Amino acid sequence: MLFWAGDGAPQVLRIWIALTGVAVTALTGMVAGLFTPWLLLLTGLAALATVFLFLWFPGRYADSVHGSFDGTAVRGTKGVLWRREIFIPMNALRTFEILDTPVQRHFGCRTLLIRFAGGAAVLPLLARKDAERLEKLLEEAE
């Protein structure tokens, strides 16, 4: 079985980037108002970084999230600047669960958290039916 990020993943990422950017820009603006107007340069940089990340990052990240499950192991890849490859053999698997926020549910995405001997792995923003099918296959393989 192959899985990848859902069609709504870029929208979810854009919402979180926009909310974070607005919060950081507002915070630096308030600090500039308290101390010195020179800190408004940080506010401008935060706003520019937000716009850049809003336009550049979501599509590339969504394209980088993919993987497979063949009955013996879960393999996955994610990351834009730094690629992270995930390999979890079934004999190391302990628990798994599907997590989602209201924003993810609205755009049809789910996050699969897999705990295994020695750590945990997160497969973010999977398409809803891929995440549910992967969860069902993991239950059957256990």
Side-chain angles (χ1 to χ4, degrees), residues 1-35 38-142:
M1 174 207 159
L2 299 175
F3 57 86
W4 46 83
D7 294 335
Q11 289 89 345
V12 172
L13 290 169
R14 282 190 183 99
I15 287 171
W16 287 111
I17 289 169
L19 290 174
T20 303
V22 167
V24 169
T25 302
L27 183 64
T28 57
M30 286 188 285
V31 170
L34 288 174
F35 296 111
W38 285 102
L39 289 176
L40 286 175
L41 293 173
L42 286 176
T43 304
L45 288 174
L48 286 173
T50 300
V51 170
F52 174 74
L53 288 174
F54 184 87
L55 297 173
W56 180 78
F57 184 75
R60 285 175 178 75
Y61 186 80
D63 290 341
S64 76
V65 176
H66 60 276
S68 65
F69 176 66
D70 60 3
T72 60
V74 176
R75 292 170 178 81
T77 303
K78 64 181 180 175
V80 175
L81 297 177
W82 292 275
R83 291 251 184 236
R84 181 173 180 199
E85 294 186 6
I86 300 165
F87 176 81
I88 305 167
M90 283 304 295
N91 59 2
L93 183 70
R94 298 295 178 246
T95 63
F96 49 89
E97 59 187 294
I98 291 182
L99 309 169
D100 55 1
T101 64
V103 174
Q104 286 179 330
R105 279 192 301 272
H106 178 72
F107 289 106
C109 296
R110 303 289 187 269
T111 296
L112 185 66
L113 175 64
I114 302 173
R115 291 186 179 93
F116 54 92
V122 177
L123 297 171
L125 302 173
L126 299 177
R128 181 185 54 80
K129 61 180 197 185
D130 285 347
E132 291 170 356
R133 195 169 76 213
L134 181 57
E135 181 187 35
K136 194 174 289 187
L137 288 172
L138 287 171
E139 284 175 359
E140 292 171 1
E142 257 187 340

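In this text, all values refer to a predicted model and were calculated from it rather than measured experimentally. Along the sequence shown, residues carry numbers from 1.
Of all non-hydrogen atoms in Phe69 and Phe3, the two that sit nearest each other are N-CE2, 4.3 Å. Closest of all the heavy-atom pairs between Pro10 and Pro58 is O-CB, 3.6 Å. Of all non-hydrogen atoms in Thr50 and Ala18, the two that sit nearest each other are CG2-CA, 4.5 Å. The two atoms that bring Ile98 and Leu112 nearest to each other are CG1-CD1, 3.8 Å, heavy atoms only. Shortest non-hydrogen contact noted between Ala120 and Leu113 is CB-CD1, 4.3 Å. The nearest pair of heavy atoms linking Phe107 to Ile15 is CE1-CD1, 3.5 Å.
Surrounding CZ of Arg128 are at most 12 heavy atoms belonging to other residues, nucleotides or ligands under 6.0 Å away. Few gaps surround CD on Glu139; more than 12 heavy atoms of other groups in view lie less than 6.0 Å from it. Applying the 6.0 Å contact sphere to CH2 of Trp56 captures more than 12 heavy atoms from other residues, nucleotides or ligands. Around CZ of Arg105, the count of heavy atoms belonging to other residues, nucleotides or ligands within 6.0 Å exceeds 12.
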Task: Trace of the side chain to side chain contact (heavy atoms under 4.5 Å, CB included) decision for Leu93 with Ile114 - done: CA-CA 7 Å; Leu93 183 70; Ile114 302 173; 3.2 Å; yes
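In this structure, Thr111 OG1 and Glu97 CD are separated by 11.0 Å, a value rounded to the nearest 0.5 Å. Rounded to the nearest 0.5 Å, atoms CE (Met1) and CG (Asp130) are 5.0 Å apart. Atom CG of Leu125 and atom CG of Asp7 lie 12.0 Å apart (nearest 0.5 Å). Distance check, rounded to the nearest 0.5 Å: CG of Leu53 to CG of Leu13 gives 10.5 Å. Atom-to-atom distance recorded for Phe52:CZ and Ile17:CD1 is 10.5 Å, nearest 0.5 angstrom. Atom OG1 of residue Thr43 and atom CG of residue Leu27 lie 9.0 Å apart, to the nearest 0.5 angstrom.
His106 places none of its side-chain heavy atoms less than 4.5 Å from the side chain of Val103. The shortest side-chain heavy-atom distance between Ile86 and Lys78 falls under the 4.5 Å cut-off. Two residues are said to be in side-chain contact when any heavy atoms from C-beta on lie closer than 4.5 Å; Leu138 and Val74 meet this criterion. The shortest distance between side-chain heavy atoms of Leu123 and Val65 does not fall below 4.5 Å.
Ion pairing between Asp70 and Arg75 holds under the 4.0 Å rule for side-chain N and carboxylate O.
A donor-acceptor pair under 3.5 Å is absent between the side-chain atoms of Glu132 and the main chain of Lys129, judged by distance alone.
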